[in-house]
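Structure record follows, encoded as structure tokens.
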Amino acid sequence: MTVLTVATAPFDGQKPGTSGLRKKVKVYQQPNYAENFIQSVFDVVDGKEGALLVIGGDGRYHNRTVIQQAIRMAAANGFARIMVGQGGILSTPAASHLIRKYGALGGLILSASHNPGGPDEDFGIKYNVSNGGPAPEKVTDAIYARTQTIDHWLAVDTPGIDLDRIGTVQVGGASVEIVDSVADYAALMEELFDFGAIRAMAADGFTLAFDAMSAVTGPYATEIFERRLGFAPGTVRNGTPLEDFGHHHPDPNLVHAKELYDLMMSTDAPDFGAASDGDGDRNLIIGKGRFITPSDSLAMLAANAHLAKGYRGGLKGIARSMPTSAAADRVAQALGIPCFETPTGWKFFGNLLDAGMATICGEESAGTGSDHVREKDGVWAVLLWLAILAERRISVDALARDHWARFGRNYYARHDYEALPTDKANALIAALTAALPALPGQSFGPLTIAAADSFSYADPVDGSLSANQGLRVLFEGGSRVVFRLSGTGTEGATLRVYLERYEPAGGALDEETPAMLADLISAADAIAGIARHTGRTEPDVVT
Ligand code: G16
């Protein structure tokens, strides 16, 4: 075998964000760019000799090119085995499962998640560690440091392999296994959920619409929902992964999954509607005539999880990211289990899951998951909902009303201001950070500020500290506004404003969310000067 040593120069100085390194495809197509990042990963991980590496992606444009190169590089860097999803396809949760099941050292996941794909759109690479979860900050910091000094990368000098043929081939000293992208994941789902009960509900006429958004979950959803659970052919929509996601934005929210939303609000609505994103880790849940916010979904799943086979023993704890609503906290309290509040980013759940301190986790950004893998998991969330409905045999709307009648309701919305000039967004955050100490006691319309701070997190397992994780403004009565800059955008800066108002059980539980949040929305602008700093008077996306 010939190993090429290619001279290179340090990177563009950008730090990988919450989910690896996301950039425009054109950036990734520059000579040495992807190679520099991959070599930097390999340079900082120990134990490559003789180890297994998992590689897969969401099928977006440039996926196959980078996978071929990653295989050559992994072989040259000493990995003995490389496991690749057929056609280069692995959903993020399926990749997490393969890493765990086969004891891999780690995995490269090629995705820019819910961001659009295509020659002018986005690409990304993320490294997951041996527990199957995203690399923790100490690892991403080390990768970043290495990108600043890198001067060469290694690759076996060999043509590309056939990524579509299942089987094992040799690349340099490594054996490369092309595996079925779905089989192991589907088997795990059958362990966690009583497929017979869901199949019986489907046979009784319960209907489902699942929008795979022309992204990675198509093959998973078709196998599980249509073939194994017996939902009608056509249940899975947009089920073929496309390199440009059919020109859509594979983000399962009310803006980008509008067709599904409209269907679910129509008289032809099936009983259950769901969607997942580019790489299959996010989920959108809509019942007939009833949208369930991700924060509520976490709380409702946690309250009912014991009805599903894999969770009969109950939950050890719940974890949610800070901007996620406190709905889950009330469930944890009722169950007598802890609820952890972590910074945004799935990687912060890893230690809690590994330590057995939490069983279910969730984020307002449409992510829900459990200790079955170390990523959020879109198809899993749909299956847990279906398993619960198969036991309770009520509608999504009835389940939601029942939940709010018991726990109260956290009205919730997120306003996104996208593609802002970075300096303006930073100036807004800096000014608000400076103003925080003076906020308590000030009133905005009927709302009075009780407390304001910049969120920091001390990991209860390893004690590591993460500061500046979002600005929180808490009002008397439990309402809240959170301001934070996105870590996943690829164009300028995105300001996220998270709005939450709590109505206790017995209160106004069935009102329209925008009306319930109107005072908070005005207060948020007055407090942060959104229009003044950004010139924007309306958010680009409301979810
Ligand atoms: C990623 C992380 C999520 C996190 C989200 C935040 O999601 O995996 O844990 O909640 O980013 O995004 P932002 O920083 O833009 O608010 P994904 O689905 O893009 O991998």
Side-chain angles (χ1 to χ4, degrees), residues 291-303 317-344 360-365 368 400-415 432 435-457 469-484 496-528 530 542-543:
F291 163 61
I292 303 292
T293 67
S295 296
D296 268 350
S297 181
L298 172 66
M300 292 169 189
L301 291 176
I318 305 173
R320 65 163 174 87
S321 67
M322 182 275 282
T324 305
S325 93
D329 303 33
R330 298 177 214 288
V331 174
Q333 200 180 11
L335 293 174
I337 57 175
C339 187
F340 299 93
E341 186 177 35
T342 62
T344 294
I360 279 192
C361 311
E363 298 187 282
E364 53 67 40
S365 55
T368 333
R401 287 167 188 274
D402 181 61
H403 187 95
W404 295 327
R406 185 165 165 217
F407 296 101
R409 178 171 179 185
N410 293 69
Y411 287 92
Y412 189 87
R414 186 178 95 185
H415 289 190
L432 181 55
L436 289 176
L439 286 178
Q442 290 190 34
S443 291
F444 295 85
L447 297 164
T448 302
I449 297 178
D453 69 358
S454 173
F455 178 61
S456 343
Y457 178 67
Q469 297 294 324
L471 305 179
R472 305 191 284 192
V473 179
L474 303 161
F475 298 91
E476 286 170 7
S479 293
R480 186 178 78 149
V481 183
V482 172
F483 301 87
R484 127 171 217 282
R496 302 208 194 282
V497 181
Y498 309 84
L499 305 139
E500 175 179 356
R501 167 172 171 178
Y502 179 61
E503 275 294 311
L509 298 178
D510 201 11
E511 303 299 322
E512 293 297 326
T513 299
M516 293 301 277
L517 297 180
D519 291 334
L520 270 176
I521 293 168
S522 325
D525 186 49
I527 292 166
I530 300 171
V542 175
T543 48

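Position 1 is the first residue of the sequence; numbering continues from there.
Of all the heavy atoms in A332 and P338, the pair that sits closest is CB-O, 4.1 Å. Residues F475 and V481 come closest through the heavy atom pair CE1-CG2, 3.6 Å. Across all non-hydrogen atoms, the minimal contact from I292 to A400 is CD1-CB, 3.9 Å. When all heavy atoms are compared, the tightest approach of A319 to L298 is O-CD2, 4.1 Å. In terms of heavy-atom proximity, A405 sits nearest to A505 at O-CB, 3.3 Å. Closest heavy-atom contact between I318 and A302: CD1-CB, 3.6 Å.
Between the side chains of D296 and W404, at least one donor N or O lies within less than 3.5 Å of an accepting N or O. Under 3.5 Å, the side chains of T324 and S295 contain no donor-acceptor pair of N or O atoms. Counted by atom type alone, Y412 and R501 present zero donor-acceptor pairs between their side chains at under 3.5 Å.
A heavy-atom distance below 4.5 Å is not found between the side chains of V473 and D453. In this structure, V497 and R414 have side chains that are not in contact, with every pair of non-hydrogen atoms separated by 4.5 Å or more. Side-chain atoms of Q469 and T344, non-hydrogen and from C-beta on, never get closer than 4.5 Å to each other. Side-chain atoms of L471 and V482, non-hydrogen and from C-beta on, never get closer than 4.5 Å to each other.
For the pair E363 and R320, the salt-bridge criterion is not met [side-chain N within less than 4.0 Å of a carboxylate O]. A salt bridge is defined here as a Lys NZ or Arg NE, NH1 or NH2 lying under 4.0 Å from an Asp or Glu carboxylate O, and E341 with R472 meets this definition.
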Kindly determine whether S321 and T342 satisfy side-chain hydrogen bond (donor to acceptor under 3.5 Å, both in side chains), including the steps that lead there.
CA-CA 5 Å; S321 67; T342 62; 5.6 Å; no
Would you please test L447 and Q442 for side-chain contact (heavy atoms from CB on, under 4.5 Å) and show each step?
CA-CA 8 Å; L447 297 164; Q442 290 190 34; over 6 Å; no
Apply side-chain contact (heavy atoms from CB on, under 4.5 Å) to the pair V331 and L335, showing each step before the final yes or no.
CA-CA 6 Å; V331 174; L335 293 174; 3.8 Å; yes
Take Y498 and R484 through the side-chain contact (heavy atoms from CB on, under 4.5 Å) test and state the conclusion after the steps.
CA-CA 8 Å; Y498 309 84; R484 127 171 217 282; 2.9 Å; yes
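Without hydrogens or angle criteria, N410 side chain to Y502 main chain gives no donor-acceptor distance under 3.5 Å. Listed for the E500 side chain is a donor-acceptor partner under 3.5 Å among the backbone atoms of A326. Not a single donor-acceptor pair under 3.5 Å links the side chain of Y411 to the backbone N or O of L499. Here the side chain of S522 pairs a donor or acceptor atom with the backbone of A518 at under 3.5 angstrom. With hydrogens and angles disregarded, no donor-acceptor distance shorter than 3.5 Å links the side chain of E364 to the backbone of P323.
One distance of note links CZ of F483 with CD1 of I530; it measures 5.5 Å at 0.5 Å rounding. Going from atom CG of D402 over to atom CZ of F407 covers 9.0 Å, rounded to the nearest 0.5 Å. In this structure, I449 CD1 and L436 CG are separated by 9.0 Å, a value rounded to the nearest 0.5 Å. Note that CZ of R401 and CG of L509 are 9.5 Å apart. Values are rounded to the nearest 0.5 Å. To the nearest 0.5 Å, atoms SG (C339) and CD1 (I360) are separated by 11.5 Å. We find the CG-SG distance between L301 and C361 to be 12.0 Å, quoted to the nearest 0.5 Å.
Around CD of E511, the count of heavy atoms belonging to other residues, nucleotides or ligands within 6.0 Å exceeds 12.
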